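Everything quoted here is computed from the prediction, not taken from an experiment. Just so it is clear: chains get the letters A, B, ... in the order the sequence lines come, proteins before strands, and each one is counted from 1.
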Amino acid sequence: MPEFRTTPGFRDLLPPASTRQRAFVDVFAGLVERAGYDLVVPPMLEDIGVFERLGKATDVVTKEMYDFVDKGDRHVVMRPEQTASLCRAFVEHRPPTPWKVWYAGPNFRYDRPQRGRYRQFDQVDVEVLGTDDPEADVEVISLGWRLYEHLGLRQVTLAVNSLGAGDDKARHLEALTSFLSQHAGDLSTLSRDTLARNPLRVLDSKRPDDAEIVAAAPTIDQFWSDESARHFDAVLAGLRAIRIPFVVQPRLVRGLDYYVRTAFEYVGGTLESAQNALGGGGRYDGLVEALGGPPTPGVGFALGVDRTLLACDDEGVFPPPSRSVDVFVVDTTGGRHATVLADRLRASGWHVERSFDSRSMKSQMKSADRSGAEVAVIIGADEAASGTAVARPLRTDADQSTVELDVLEQHLDSILTTVAPVRDASR
RNA sequence: GUGGGCGUAGCUCAGCUCGGUUAGAGCGCCAGGUUGUGGCCCUGGAGGUCGGGGGUUCAAGUCCCCUCGCUCACCCCA
């Protein structure tokens with residue numbers, strides 16, 4: 001074993017996983033930017049206060065944060081999520097509303113790593129701040145859904161609920177707490193602990209022992225105010241209007257206090273474990289205010305990149321993009337010709353590779369083959385002396401030919417267009 | 001934080017049950033067969049503190065203890 005390794009829960013992303021992750025973010029960025037969302041890049045380090053406003057479940061949550069005191073005696077934290085950072089940025093800069101933004105980047109949580117969960121993990125998210133129009137909820141939910149469609153995932157379920165707001169949310173919580181307390185004896189030990197900490201989350205229990213009590217517990221839909229019901233109906237109607245299928249799930253909850261009204265989750269169909277949520281979000285109308293800003297409604301979602309890619313693996317979709325090398329320059333005269341020619345051909349827009357260390361022609365040809373290049377351009381002593389190069393197709397039976405260096409591009413064009421249909425249009 | 005599985009070559013693993021010469025295979029890498037040409041094939045080569053420490057023993061990759069790491073699940077999930 002090497003002396004130094006990544007610390008627990010952290011990892012190096014190497015190809016092809018790294019290129020696939022970037023391709024994933026590219027798909028996401030293209031999708032949301034077409035919808036008018038702008039990139040905002042908040043720092044990874046925040047004052048811990050930003051995340052202590054997330055609600056009373058904070059005690060538990062704090063234990064899983066990467067926090068420390070820096071050299072200036074500031075208590076800081078590697079951000080555990082992006083939404084609160086973006087809301088902090090909103091308060092700090094007060095941009096015009098509605099503020100439609102997206103971001104993709106790493107977050108940190110100090111918990112035990114397992115499948116699809118690392119201490120540093122990437123999420124992509126969108127947020128809309130400054131409007132409580134239910135159509136904004138619909139737009140946000142649709143963007144997540146369309147992303148899964150673009151990726152080719154078919155076994156994703158959209159679950160939606162309304163958590164209510166203000167009085168109706170409070171009355172439901174009261175009724176739920178009282179009901180669960182009365183039946184605490186019938187709950188699993190673990191759920192009794194959860195009840196003491198965060199009663200809403202008991203509804204999320206997947207333990208068979210709890211099924212009966214959870215099924216009988218009062219659900220939020222019995223407590224909705226007219227306003228909450230109207231908002232939720234509008235969201236559902238909007239989803240129907242753009243033909244996005246959903247399941248209303250009255251027991252869907254969110255762990256943090258700031259969520260109100262719309263809550264939703266995208267649930268994967270292939271991950272059979274207790275954590276099959278690929279992503280989720282909802283309305284957080286009180287968060288900006290809690291961070292010291294003006295009353296500002298907000299809605300957004302965050303999707304776990306690792307978990308979504310795992311779901312892609314399970315469904316056999318979204319493979320990593322393959323490199324397509326156009327030309328491999330083989331130079332047996334020391335390598336300088338390869339340097340010059342590679343530079344020249346790259347400037348013309350081709351994907352060009354070469355080898356180093358003056359290796360044998362056989363070795364360089366082998367590298368050329370393995371690079372996947374369409375054509376090997378070979379320069380040996382004879383070619384160097386006569387100002388020519390040999391162009392040898394590697395993927396067809398066509399003969400190689402010797403061409404003058406000043407017409408090399410033309411020649412490559414003629415053989416590459418028949419072999420490789422599209423060349424980089426930006427050249 | 002709790003529990004299970006696993007740590008042997010760059011990678012995937014065999015060897016451990018029942019301790020016994022220089023610790024193996026496939027893939028990958030390098031070179032040669034072909035003194036200027038990839039793929040397929042053949043030959044050769046480099047590459048190992050058997051995760052680390054301690055113990056038992058004449059002898060430990062193999063048995064025992066501890067430890068670190070990986071992994072899966074639970075807990076938690078913003």
Parallel, tilted or perpendicular: which fits the ring planes of A:H172 and A:F223, with parallel below 30° and perpendicular above 60°? tilted

Would you kindly check whether a donor in the side chain of A:R207 faces an acceptor in the base of B:rC74, or vice versa, at under 3.5 angstrom? no

Go through the structure and list residues passing salt bridge (Lys or Arg N to Asp or Glu O under 4.0 Å) with A:R112, not counting sequence neighbours. none

Does this structure show an ion pair linking A:D369 with A:R395, if we count only N-O contacts that are shorter than 4.0 Å? yes

Interface polar pairs with nucleotides 30-33 of chain B, N/O, under 3.5 angstrom:
unit_1, atom_1, unit_2, atom_2, d
B:rC30, OP1, A:R359, NH1, 2.7
B:rG33, N7, A:K362, NZ, 3.4
B:rG33, O6, A:K362, NZ, 3.3

Once the angle between the rings of A:W99 and A:F90 is folded into 0 to 90°, is it parallel (under 30°), tilted (30 to 60°) or perpendicular (over 60°)? tilted

Does A:R117 put a side-chain nitrogen or oxygen below 4.0 Å from OP1 or OP2 of B:rA78? no

B:rU71 OP1/OP2 closer than 4.0 Å to side-chain N/O of A:Q114: no

Side-chain N or O of A:R197 versus OP1/OP2 of B:rC76: is the shortest distance under 4.0 Å? yes

Please determine whether any donor N or O and acceptor N or O are separated by less than 3.5 Å between the side chain of A:Q364 and the base of B:rU37. no

Only distances under 3.5 Å count here; give the side-chain donor-acceptor pairs of residues 177-187 of chain A to other protein atoms, sequence neighbours excluded, each with its distance to 0.1 Å.
unit_1, atom_1, unit_2, atom_2, d
A:T177, OG1, A:L173, O, 2.6
A:S181, OG, A:T177, O, 2.7
A:H183, ND1, A:F179, O, 2.9

In whole angstroms, the gap separating P of B:rA78 from CG of A:L287 amounts to 14 Å

Please pick, from B:rG69, B:rU37, B:rG3, the nucleotide with the shortest atom-to-atom distance to any side-chain atom of A:P8. B:rG69

Paired to B:rG7 by Watson-Crick or G-U wobble criteria (both distances under 3.5 Å) is B:rC68

Do the side chain of A:Q364 and the main chain of A:D331 share a donor and acceptor less than 3.5 angstrom apart? yes

From the candidates B:rG36, B:rC77, B:rU71, the one with an atom nearest any side-chain atom of A:I378 is B:rG36

Would you mind checking if A:D285 and A:R261 are paired as a salt bridge, meaning a charged N to carboxylate O distance below 4.0 Å? yes

Could you measure between the two P atoms, the one in B:rC13 and the one in B:rA60, and give it in whole Å? 28 Å

Between B:rC76, B:rG39, B:rU37, which nucleotide gets closest to the side-chain atoms of A:D111? B:rC76

Can a donor-acceptor pair under 3.5 Å be found between the side-chain atoms of A:R115 and the base atoms of B:rU71? no

Would you say the base of B:rG36 and the side-chain of A:E383 have a donor-acceptor pair closer than 3.5 Å? yes

